[in-house]
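Each ligand, and each atom within it, is numbered from 1 in the order the structure gives. Side-chain atoms are counted along with the backbone in the values below, which use heavy atoms only and exclude waters and symmetry mates.
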Amino acid sequence: MTQRGSGESDLVFVGAGIMSATLAVMLKELDPTLDVEVLELLGTGAAESSNPWNNAGTGHAALCELNYTPEAKDGTVNIAKAIDINMMFETSKQFWTYLVEQGHFDSPRSFINPIPHLSFVRGDKDIAFLRKRFEALTTSPLFEGMEYTEDRAKLEEWMPLMMKDRPANEKIAATRTESGTDVNFGALTVNLLHHLTQQPGTRIVYNQKVTDLHREPDKRWRLTIENTQTGETRTLRARFVFLGAGGGALPLLQKSDIPESHGYGGFPVSGQWLRCDNPEIVSQHQAKVYGKASVGSPPMSVPHLDTRVVDGKKSLLFGPFAGFTTKFLKQGSFLDLPKSIKGNNIGPMLAVARDNMPLTKYLIGQVIQSFDQRLDELRGFYPGARKEDWRLEIAGQRVQIIKKDPKTGGTLQFGTEIVSAADGSIAALLGASPGASTSVSIMLTLIQRCFPEQYQSEAWQAHLRKMFPALGGSLDKDTELLHRVRSHNNEVLQLK
Ligand SMILES: Cc1cc2nc3c(=O)[nH]c(=O)nc-3n(C[C@H](O)[C@H](O)[C@H](O)COP(=O)(O)OP(=O)(O)OC[C@H]3O[C@@H](n4cnc5c(N)ncnc54)[C@H](O)[C@@H]3O)c2cc1C
């Protein structure tokens, strides 16, 4: 363990969002003697993508998101990704359950609330797809409890606001799973950061911009940090660095110049929501209802009408409407994208520009939409929507991953990816989907990759089994284990 305030730390985390907070808490649980420093550019934690109004707060478990179950050309529905995401969310719930049981969080209701998850489609083609998706998913015990209906009376019960003023002859169908969730990832991050500050050997420092990082001859990393309030700079040396800087991770990864970083680029997609706080309307919708994405749109632009629970108050969000900006962070600079173009990634970036014209067209269409056009989209979900009840809000930035592809030269990827040095001394998290919901599994993978010996040690394995009772098991195959773990998590997280 290194000495506090010595300009050295065992572990340094850049960014105080959900990813750094999750990883820092996990590592500190596994080895409380580690000295930890979290460096955050802004004045508080969870102020970028992890802020509750910058993301949709969906506890992604593939219960309602149609893009996780693609339809193949032969008409079959592939549920492999949905199974993975569902199990990853169960992993997150195990970790949060552990922390609640240890008394580290006040109340689970401060960050997670039960909200049914629905998929909603219109027209024969999409109804046929939804039915097949339902039949495929309900072969797995993970999706137990999912219901399907085309019956209008049932639909009125499930989503009264969306059924009001809807043409009687419109063909519609929906699935519903009652055990869905709304997660305030901002409150969760704040809980995690607070828990960290209670432990010895931990510092969280705000208004700290990491501007550069270098490898020293002894293999440690030296970070240059600017205090954004005073303009002063300092350096900090660390054995391990996590670049959990959200959209700011790519430029820092490029500065590290590890060979594994070469070829990566970023494609920023901004977002907007329509938000309604009118209690009379909000009280008529108790669900997250996901529809089908329009042709050419990126997967994360699937439209949805959501109940949100933030600071104990309910609101409705509809969107997201995508947009284009060259900023990598909501509070970033327009130079972020141009500055990220390097000799080692220009090939992949040009290939992606060449091969993604439908996406570009889609984004341009989204950017030039008027408020009334956005309301018209909302009316596809909620026909009676009135202009005066809704306002436009800016969502967070997502920087999608661009990487080398041997066939096409470059590819655009919509998931998340850990990029780490071969010796595990530095790792960055790129991308943003499914994002915060799967932060715990992503960080478990990172620990396996960057701390392989400690991960295998008896001490860490014993502690990991306490945090993750299903570790090593297979929740999709072992129904007894699934029921036991899920029912315990739901009890502790008050999701029943
Ligand atoms: C529109 C939208 C909707 C989404 N919906 C969902 C959803 O429904 N469910 C879900 O699970 N996920 C969702 N996500 C994804 C989720 O929000 C992100 O995956 C998650 O918040 C990323 O967390 P993070 O810690 O990596 O980044 P962030 O929360 O962005 O944190 C990064 C931090 O790093 C700081 N930083 C940046 N550069 C530096 C630097 N140089 N020095 C110091 N600090 C720096 C930033 O200020 C920031 O505080 C959504 C995202 C968006 C944008």
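- The side chain of His60, and not its backbone, has at least one atom closer than 4.0 Å to an atom of ligand 1 (non-hydrogen atoms only; side chain from C-beta on).
- Proximity annotation for atom 12 (N) of ligand 1: of Ser439, Ala16, Pro434, Pro434 comes nearest, heavy atoms only.
- Taking the six-membered ring for Trp and thresholds of 30 and 60 degrees, Trp96 and Phe111 have ring planes more than 60 degrees apart, a perpendicular arrangement.
- Protein heavy atom at the shortest distance from atom 45 (C) of ligand 1 is Leu41 CB, 3.6 Å.
- Among Arg239, Lys28, Arg234, the one residue that satisfies the salt bridge (charged side-chain N to carboxylate O under 4.0 Å, His left out) test with Glu37 is Arg234.
- By the 3.5 Å distance cut-off applied to N or O atoms, Gln397 is not counted among the residues near ligand 1.
- In the candidate list Ala322, Ala245, Gly271, Gly319, Ala245 is nearest to atom 32 (C) of ligand 1, counting heavy atoms.
- Below 3.5 Å of separation, one finds an N or O of Thr58 facing an N or O of ligand 1.
- Both the backbone and the side chain of Ala56 come within 4.0 Å of ligand 1, counting heavy atoms alone.
- Side-chain atoms of Tyr206 and Thr228 include no donor-acceptor pair closer than 3.5 Å.
- Residue contacts with ligand 1, taken as heavy atom pairs separated by less than 4.0 Å, do not involve Thr416 at all.
- For the pair Ser50 and ligand 1, the shortest N or O to N or O distance falls below 3.5 Å.
- Note: an N/O pair closer than 3.5 Å links Ser437 and ligand 1 by distance alone.
- Ligand 1 has no nitrogen or oxygen under 3.5 angstrom from a nitrogen or oxygen of Leu329.
- Arg398 contributes no side-chain N or O that, together with a main-chain N or O of Phe328, makes up a donor-acceptor pair within less than 3.5 Å.
- Remark: the backbone N or O of Gln198 is not paired with any side-chain donor or acceptor of Thr202 at under 3.5 angstrom.
- Residue contacts with ligand 1 for Gln331 are absent, since no atom lies close enough (heavy atoms, distance under 4.0 Å).
- Distances from atom 22 (C) of ligand 1 to the heavy atoms of Ile18, Ile225, Leu213, Val183 put Ile18 nearest.
- In terms of N/O distances under 3.5 Å, ligand 1 is not approached by Gly247.
- Counting heavy atoms closer than 4.0 Å to ligand 1, residue Asn55 contributes atoms from both its backbone and its side chain.
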